[in-house]
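Worksheet: the structure to be examined is printed underneath.
The figures that follow rest on heavy atoms only: side chains count, while hydrogens, waters and symmetry mates do not. Quick note on labels: first sequence line is chain A, next is B, and so on, each numbered from 1.
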Amino acid sequence: MAEFDLHSLRHTASHVLAQAVLRLYPNAKLAIGPAIDTGFYYDFDVDTNFTPEDLEKIEAEMKVIVRERYRLERFELPRAEALALMEEKNQPYKVELIHDLPEDAALSFYKQGEFVDLCAGPHADHTGRVKAFKLLSATGAYWRGDSSRKMLQRIYGTAFESKEELAAHLTMLEEAKKRDHRKLGRELDLFDIYEEGPGFPFFLPRGMVLRNLLEAYWREEHAAAGYQEIRTPIILNEELWHRSGHWDHYKNNMYFTKIDEGDFAVKPMNCPGGMLAFGRRMHSYRDLPQRIAEMGLVHRHELSGALHGLMRVRCFTQDDAHIFMTPEQIQQEIAGVIRLIDRFYKVFGFEYHMELSTRPENSMGTDEQWETATDALRQALSTLGMEYKLNEGDGAFYGPKIDFHLRDCIGRTWQCGTLQLDFQMPERFDLSYVGPDGEKHRPVMIHRVVFGSIERFIAILTEHVAGAYPLWLSPVQIAVLPLTDRHHDYARGVHQTLRDAGFRVELDERNEKIGFKIREAQVQKTPYMLVLGDKEMEAGLVAVRHRRDGDLGAIPVDELIAKLREEVATKAK
RNA sequence: GCUGGUGUAGCUCAAUCGGCAGAGCAGCUGAUUUGUAAUCAGCAGGUUGCUGGUUCGAUUCCGGUCACCAGCUCCA
């Protein structure tokens, strides 16, 4: 009896998909078809592209296969026979896969009815198990993820053990779309992107309030953690980018400009500016580590197809910092950064995962430097007892890195925080400090960001809270809602008192019914609404309504101020 | 950049086979003075993304282009 868990079920669903495609398109070449976190996919090389109507036909054929309840039979073949079988079936991608497997690898196949696929398994015991499934989309995907190779047709689907779970999942996806930061950004007047500036977002007044509050919190925490702040220019001459290595490794993503016949570049990263700032004078070992932060505006020419709301833009602000230190201080500084990032994310209630990325193909530096740097990161992670995923060959061109990934509303993960160890830049910029021996030494450097980019962080945060930001971050914290004209004077007094107490308050004096005013404040996700009528005016109270908890009753303004100050101070979620 | 899809009023969406481009919300004006998620009426709002072609006639069909959406690649 085959194992029967969700992963196996989805994997079997992908085989059923491939079987159905082969029945309808006998010339289709099969690539790979795994189960993934949210379902499954299969990649095909076919003459024509799949349309939504094709998906319906394929789905119908899959249902037939499910009804036919084929047993999944596993068998193994020696390499030569495995190759012969796949060649006979005219499956060149499978042949390539077999060639790339180790000589001594066991080559297992799964057979269901007339369909046979090279596959490690495991699978459900028969195709009848795939009762609750749905094909979701057809898209392009490069063979082996390599953009220089052929683009195949990928069909995505999902499968669950019951129809109820499938329906719940599909409903969840629909609900998640309502939390999309692009939609909320427009609805809540926070930010927007226009056709006139693809990838270049506009922040509107309310979005700026949120952004400024995040930056203020960031400055507070970084000052406390021993960081100093600088600001470096957005445009610097081209020679600098040759020196930093960006010309050789990052030119394709950079914007260039001319000034008085000289060649200049718009910065895609803040490090070279940071290097110049550090290198302007001599440093003593006594002054290290130096933690130099910069809210740096960078521009990168991302591919048009990669742009995505605030998540992926062409100009963004990194909450950057460069830490210059002695080799002995590496461990302590790495740990300090990881703890800082962890504390930040917890304030917002984020779950995250970490990835360690090692040396990429096109990189600077010696093997030894890379080994030392990578070991330092690995060791810091294990000392802190942190779990992480390994990404071979995914580091920056100047050093290995630890990335922190956060989830968006439909489960995609985005890199936000990153910590990169760099032996190259200090070398290239000939940075030094004077040690206790009176000699010059080369400092080691860490690049790091916590938010990653303010834009991406705001996008993730917006989806995380569905636009209902905690009180301390809400662009408008309180809506004052007088019932009629005769309550306006009292409402203005309350409004002024709250403003004087430091809150962001709006007074709604429009000639509308209270239900309408409340609805608008609710739709805008305003945390607190104060309803003011005869009763409140006579008693000198405010009737408090919370966006989530509803009517909280009438209390004196002073009491409300104390309560909200507490909520802001504790950054309550 | 690649594969597929989509562009109609500020927003959400209609418009039969190619035949005068419409609704709700938002906006403006007026009436209404209201007790915890939408008061009523009127007015205004458009070179159907842009551009070329086919046609007596194009939102509709074809080409190009721009932007957006999903995925791939890449990445904060």
Query - Donor-acceptor pair (no angle test) under 3.5 Å: A:Arg186 side chain, B:C11 base - result: no
Query raised in the report: Is the cationic atom of A:Arg10 (NZ for Lys, CZ for Arg) positioned less than 6.0 Å from the six-membered ring centroid of A:Phe40 and within 45 degrees of its normal?
Result: no
Report summary line: Which of B:C69, B:G35, B:U39 is nearest the side chain of A:Ala543? It is B:G35
**Report entry** Stems involving RNA chain B, each a run of at least 3 consecutive Watson-Crick or G-U pairs under 3.5 Å
**Finding:** B:1-7 with B:66-72, B:10-13 with B:22-25, B:27-31 with B:39-43, B:49-53 with B:61-65
Query - Pair A:Asp534 + A:Arg486: basic N to acidic O under 4.0 Å - result: yes
Query raised in the report: Salt-bridged, A:Lys389 to A:Glu355, with N to O below 4.0 Å?
Result: yes
Query raised in the report: Under 4.0 Å between a side-chain N or O of A:Tyr156 and OP1 or OP2 of B:C72?
Result: yes
Could you run down the sub-3.5 Å N/O contacts of the protein with nucleotides 1-10 of chain B?
from	atom 1	to	atom 2	distance (Å)
B:G1	OP2	A:Ser304	OG	2.3
B:G1	N7	A:Gly305	N	3.2
B:G1	N2	A:Tyr142	OH	2.6
B:C2	O4'	A:Tyr142	OH	3.4
B:U3	O3'	A:Asn49	ND2	3.2
B:U3	O2'	A:Gln153	NE2	3.2
B:U3	O2	A:Gly140	N	3.4
B:G4	OP1	A:Asn49	ND2	2.4

Query raised in the report: Think A:Lys513 has a side-chain N or O under 4.0 angstrom from the OP1 or OP2 of B:U36?
Result: no
Query raised in the report: Counting just side-chain N and O atoms, does A:Arg412 come under 4.0 Å of either OP1 or OP2 of B:G71?
Result: yes
Query raised in the report: Is A:Arg182 near enough to B:A70 that one of its side-chain N or O atoms lies under 4.0 angstrom from OP1 or OP2?
Result: yes
Query raised in the report: So does A:Arg219 pair up with A:Glu215, basic N to acidic O under 4.0 Å?
Result: yes
